[in-house]
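Each chain gets a letter, A, B and so on, in the order the sequences are listed, and its residues count up from 1.
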Protein chains: 2
Amino acid sequence: MAYASCGILGRVPDAIWSVLIDPNRRAILELLRERPRAVGELVDALDLSQPATSKHLRVLRDAGVVRVEQDAQRRVYTLDPAPLAELDAWLAPYRRLWNARLDTLGRYLDDTKET
Amino acid sequence: MAYASCGILGRVPDAIWSVLIDPNRRAILELLRERPRAVGELVDALDLSQPATSKHLRVLRDAGVVRVEQDAQRRVYTLDPAPLAELDAWLAPYRRLWNARLDTLGRYLDDTKET
DNA sequence: GAGGCATATGCCATGCAAGGAATACACGCC
DNA sequence: GGCGTGTATTCCTTGCATGGCATATGCCTC
């Protein structure tokens with residue numbers, strides 16, 4: 001949310017970091033970015049066993065970046081990007097730094113153009 | 001740099017992710033955000049042994065997020081935020097999503113106000 | 001060039017996260 | 001109520017990253 005990207009919230013929960021560590025979990029996030037999917041779909045898309053996939057989904061659930069909805073025997077997972085805003089907030093101060101660098105580069109280019 | 005935050009580069013290198021996993025490494029980044037520091041300074045600031053600190057610095061160096069400069073026996077580390085732009089690029093599609101949510105929320109609030 | 005300081009590296013032990021296999025659980029259908 | 005499908009959980013093993021300790025390396029001073 002807005003207050004998160006303003007940097008007021010400060011600390012990124014460990015759960016969020018641990019989500020990002022794993023490539024498979026990042027892959028799941030990207031798949032869910034497209035549309036909600038049942039577990040079986042994810043299993044097919046990733047090259048992973050069903051139990052392994054379920055375990056990753058558990059981590060994602062605990063971190064709050066996905067939500068489950070039950071549809072008969074299937075469980076459909078949906079992306080909830082909100083917690084990632086914390087990550088964005090964490091990144092903000094660094095973003096300022098590399099933007100400063102870009103500004104410097106920009107001025108340099110302008111100056112050389114004038115020469 | 002610019003091309004990174006434009007999202008052209010796509011994949012965040014594994015090295016960047018592995019940097020972020022560790023709380024101590026994130027702490028080092030934050031310390032260096034303030035100003036460049038020698039290893040000894042970092043050892044004091046973190047609650048870590050000197051060897052452990054050096055190992056983390058190695059990881060950070062390999063990922064390209066810090067640079068070293070030698071000053072007699074001391075090595076002064078400086079933050080280089082550029083590679084973090086890749087992370088920013090990775091985050092971009094998700095940012096769009098939570099912004100969309102905020103817009104929805106905004107409209108909802110506007111509507112209820114009108115009622 | 002010997003000794004002392006600052007940092008890096010090697011080796012070892014420990015802990016922990018990830019994946020596989022088997023199994024438990026939940027739901028719908030006949 | 002038994003059965004098949006879809007998903008979660010448990011147990012176990014393995015690999016890997018972390019940190020401490022000891023030690024190597026580099027540099028400066030006397």
Return the value, rounded to whole Å, for the distance between atom CG of A/Asp71 and atom P of C/dG28. 9 Å
Quick one: does B/Asp22's side chain have a donor or acceptor within less than 3.5 Å of a partner on B/Arg25's backbone? yes
From NZ of B/Lys55 over to P of C/dC12, roughly how many Å is that when rounded to an integer? 13 Å
In whole angstroms, the gap separating P of C/dA18 from CG of A/Asn24 amounts to 9 Å
Considering heavy-atom distances to DNA chain D, does A/Arg75 or B/Val59 have its closest nucleotide positioned more toward the 5' end? A/Arg75
Starting at the 5' end of DNA chain C and moving along, which residue's nearest nucleotide shows up first, A/Asp22 or A/Gln73? A/Asp22
Taking for each residue the nucleotide of DNA chain D bearing the nearest heavy atom, is the 5' side occupied by B/Gln70 or by A/Val76? A/Val76
Under the 3.5 angstrom rule, does the side chain of A/Arg26 hit a backbone N or O of A/Leu20 as a donor-acceptor pair? yes
Same cluster (ILVMFWY, side-chain, under 4.5 Å), B/Leu32 and B/Val43: yes
Under 6.0 Å between ring centres, would you say that holds for A/Trp17 and A/Trp90? yes
Candidate pair B/Val39 and B/Arg74, rule side-chain contact (heavy atoms from CB on, under 4.5 Å), full reasoning: CA-CA 7 Å; B/Val39 177; B/Arg74 298 190 309 173; over 6 Å; no
By nearest-heavy-atom nucleotide on DNA chain C, the more 5' of A/Ser18 and B/Val68 is B/Val68
Outermost nucleotides of DNA chain D that come under 4.0 Å of a non-hydrogen atom of chain B: D/dT18 to D/dC28
Are A/Leu79 and B/Leu97 close enough that some pair of their side-chain heavy atoms sits under 4.5 Å apart? yes
With a 6.0 Å cut-off (strictly less than), is the heavy-atom count around CD of B/Glu69, excluding the residue itself, greater than 12? no
Whole angstrom is fine here: how far is it from CG in A/Leu57 over to P in C/dG19? 12 Å
Output yes when a side-chain donor or acceptor of B/Glu34 lies under 3.5 Å from a complementary backbone atom of B/Leu31, and no otherwise. no
Check DNA chain D against residues 40-53 of chain A and give the residues with a non-hydrogen atom under 4.0 Å, in numerical order. A/Gly40, A/Gln50, A/Pro51
Starting at atom CD1 of A/Ile21, determine the distance to atom C1' of C/dG19, rounded to an integer number of angstrom. 16 Å
Should we say atom CG of B/Asp71 is surrounded by more than 12 heavy atoms from elsewhere, each under 6.0 Å from it? yes
